[in-house]
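Working notes for the structure below.
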Amino acid sequence: MINRIKEIKNQLGEDLLILAHHYQRDEIVQLADAVGDSLKLAQIAEENKKAKYIVFCGVHFMAETADILSEDYQRVFLPAPTSGCPMADMADRESAEKAWDIITGELGDSICPITYINSKAEVKAFCGVHEGTAVTSGNAEKVVKWGLGVKDKILFLPDQNLGKNTAVSLGVDEKYMALYDQNTEKLIYSCEPSQVKMILWNGYCHVHHKITPQKVEEARKANPHAKIIVHPECPHEVVKMCDGAGSTTYLIKAVENSDAGSKWIVGTEFNLVRRLRERFTDRDIKILDTGSICTNMNKTSLENLCETLEEILKGDYRKQITVDEKTAREAVMSLNTMLSLS
């Protein structure tokens with residue numbers, strides 16, 4: 001299958017672009033034309049004008065973003081069509097519009113909606129229509145700072161952890177953050193409503209959210225000389241106990257730029273940490289929580305990648321991901337703002 005995939009890549013040449021997220025399996029990463037985090041892959045999807053076929057080895061929202069940012073003559077494919085994102089499923093346009101009415105009714109309309117790129121295209125469209133933007137873990141501080149500059153408050157969805165960690169890093173006190181519970185359709189305050197700066201959607205990444213302070217304490221005790229770094233999708237209680245927090249690219253560069261013999265404990269998806277360990281054998285690298293596995297990212301396989309490429313050769317586009325014109329037009333407004341700030 002590897003040989004066949006390489007044959008098709010050679011046959012299609014610049015007409016084919018295979019993108020892979022860092023959380024993909026090794027065999028997929030090795031066959032990709034570009035590997036990166038959400039921000040980098042979104043930028044590549046926007047900038048590449050040659051490829052007729054963009055095969056996205058990741059999850060559904062990533063392929064949607066690529067379709068929104070690519071040209072009309074380009075087709076985007078997802079080898080594993082069932083690879084979704086539980087966090088992205090925690091917000092849709094209907095619930096976001098309902099929340100907007102409730103929140104603006106209580107707090108006024110000087111609110112900038114910012115959605116994590118790990119969200120549905122329809123939620124990005126919601127933010128575009130309401131003069132907001134999208135954000136990745138790699139540009140979160142820059143974008144949230146911009147949002148606080150243009151409006152009095154921010155509605156951050158769907159990841160409460162990234163929103164909270166970013167706001168705290170910018171100097172916003174936790175007590176000035178309210179939580180919007182989309183299930184009860186109520187705002188939960190820890191201060192006077194007029195003092196609120198961040199409204200956090202009650203969503204989270206199931207992989208990072210379950211990393212606990214106890215895991216950090218155990219790791220610190222067992223490895224007192226190791227630096228502990230985590231992804232900002234982890235709970236704030238975890239982040240403030242660690243030596244650093246940042247995007248997938250931040251985590252890679254922290255290890256990459258370290259000295260031989262240094263010790264690291266990394267809190268993020270298993271595939272990335274294992275790849276770091278294999279790459280830097282002169283460093284002691286451990287995963288913070290061995291249960292940090294994204295089953296959706298692992299759905300992409302050599303079998304379905306090869307199958308997708310064979311189908312493209314036959315003109316069979318059953319795995320193509322398309323976003324309707326209206327949603328794409330509205331969503332691109334939020335994505336363009338994000339990319340301009342990056």
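Throughout, residue positions are numbered sequentially from 1 according to the sequence presented.
The salt bridge (charged side-chain N to carboxylate O under 4.0 Å, His left out) test applied to E307 returns K319, not counting sequence neighbours. E217 pairs by the side chain to side chain donor-acceptor pair (under 3.5 Å) definition with nothing, not counting sequence neighbours. Evaluation of the salt bridge (charged side-chain N to carboxylate O under 4.0 Å, His left out) rule for K40 yields no partner, not counting sequence neighbours. Taking the ring pair (Phe, Tyr, Trp, His ring centres under 6.0 Å) definition, one finds that Y317 meets it with F77, sequence neighbours left out. Every residue two or more places apart in sequence or in another chain was checked for a side chain to side chain donor-acceptor pair (under 3.5 Å) with S194, and none qualifies. Not counting sequence neighbours, the partners of K49 by the salt bridge (charged side-chain N to carboxylate O under 4.0 Å, His left out) test are E71. Checked against salt bridge (charged side-chain N to carboxylate O under 4.0 Å, His left out), D26 has the following partners two or more places apart in sequence or in another chain: R274, R275.
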Check residues 53-67 and write down every donor-acceptor pair under 3.5 Å in which the side-chain atom is one partner and the other belongs to a residue at least two apart or another chain.
unit_1, atom_1, unit_2, atom_2, d
E64, OE1, A121, N, 2.9
T65, OG1, F61, O, 2.9
D67, OD2, V323, N, 2.9

All N/O donor-acceptor pairs, side-chain side in residues 332-340, below 3.5 Å, sequence neighbours left out:
unit_1, atom_1, unit_2, atom_2, d
S334, OG, K124, O, 3.0
S334, OG, A331, O, 2.8
N336, ND2, V332, O, 3.3
T337, OG1, M333, O, 3.0
S340, OG, N336, O, 3.4
S340, OG, T337, O, 2.7

Between N183 and N202, is the side chain to side chain donor-acceptor pair (under 3.5 Å) condition met? List the steps.
CA-CA 9 Å; N183 298 310; N202 189 19; over 6 Å; no

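A donor-acceptor contact under 3.5 angstrom links the side chains of D37 and T249, judged on distance only. When only modelled atom types and interatomic distance are considered, D159 and N118 share no side-chain donor-acceptor pair under 3.5 Å.
Under the 4.5 angstrom side-chain criterion for Ile, Leu, Val, Met, Phe, Trp and Tyr, the cluster partners of I321 are L78. Grouping Ile, Leu, Val, Met, Phe, Trp and Tyr residues whose side-chain heavy atoms lie under 4.5 Å apart, directly or via other members, places V29 in a hydrophobic cluster with V35. With a 4.5 Å cut-off between side-chain heavy atoms of Ile, Leu, Val, Met, Phe, Trp and Tyr, the cluster of Y204 takes in M90.
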